[in-house]
Amino acid sequence: MRLRPTRGRAGLTFLELLLAVSVSGLILAASSQMLFSMAHFWQEVELEPRFAHHVDGVSSFIQYCFDESEGISRDPARRYGWDTPPGTSGRLFHFRLDPAPPVFFTEILPPPPVDAWLVFDEDQGLSLLWHAPAVLTEGKAKLCRTRLSAWVEDVEIGYFDPERNLWEY
């Protein structure tokens, strides 16, 4: 019996080659689309004024605190002013919020009113010192600190005195 020599396959058929090129083209097109999308995204992120958004957020929060503050003395018209926080020295800008917004985290529910002082420190930036009423904290006014911005370099507080028709800083 005589055997016929079998012919081995040495390469790809045209159909296999066509399929491999088309799959490679699809993968290349998808990856280039993803690359261009990521480049566009990073360009938008770099052009977005993140610092301006931060400044707007901090100033809006402080303005909210001043607008929502309640009387800090027996005079209801006096909603904020200068005062010394307990256990510290030096007068700071003081206001009271009732109820406290969520940035003032406390275990007391519902959120109690808080006395807050705006404090600036060159190392820590702009922060709020605050405490809940001593009646609600077992007679201890524990002073807490919440940082508002590490990038504040200077604070200037101004208000308009209608009696003298003058801005004071």
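Quick note: numbers below take in every heavy atom, side chains included, and nothing from hydrogens, waters or symmetry partners.
Taking the side chain as every heavy atom from C-beta outward, V119 and R145 approach each other to under 4.5 Å. Contact of the S69 side chain with the R96 side chain is not registered, since no non-hydrogen atoms from C-beta on lie closer than 4.5 Å. Two residues are said to be in side-chain contact when any heavy atoms from C-beta on lie closer than 4.5 Å; L126 and V58 meet this criterion. For the pair P101 and L97, the minimum side-chain heavy-atom distance is below 4.5 Å. When side chains are defined from C-beta on, F160 counts as touching N165, because their heavy atoms get closer than 4.5 Å. In this structure the side chain of L118 reaches within 4.5 angstrom of the side chain of F66, judged on heavy atoms.
Closest approach of F95 and C65 over heavy atoms only: CE1-CB, 3.5 Å. Of all the heavy atoms in P86 and L143, the pair that sits closest is O-CD2, 3.6 Å. The minimum heavy-atom distance linking L128 with F61 is given by the pair CD1-CE2, 3.7 Å. Here the closest heavy-atom approach between residue E70 and residue D98 is recorded as OE2-O, 3.4 Å. Here the closest heavy-atom approach between residue G90 and residue P85 is recorded as O-CD, 3.7 Å.
Under the 4.5 Å side-chain heavy-atom criterion for grouping Ile, Leu, Val, Met, Phe, Trp and Tyr, W151 is connected to V55 within one hydrophobic cluster.
Taking the six-membered ring wherever Trp is involved, the centroid distance between the rings of W117 and H131 falls below 6.0 Å.
The distance from atom OG of S31 to atom CD1 of I27, rounded to the nearest 0.5 Å, is 8.0 Å. To the nearest 0.5 Å, atom OG of residue S60 and atom NE2 of residue H53 are 11.5 Å apart.
Among residue pairs with one or both ends in residues 116-133, none qualify as salt bridge (Lys or Arg N to Asp or Glu O under 4.0 Å); sequence neighbours excluded.
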Item to complete: Show the numbers, then the answer: is there a side chain to side chain contact (heavy atoms under 4.5 Å, CB included) between T146 and L129?
Response: CA-CA 7 Å; T146 300; L129 291 177; over 6 Å; no

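The aromatic rings of F93 and W82 stand perpendicular to each other, their planes meeting at an angle above 60°, with 30° marking the opposite boundary.
Checked against side chain to side chain donor-acceptor pair (under 3.5 Å), E156 has no partners two or more places apart in sequence or in another chain.
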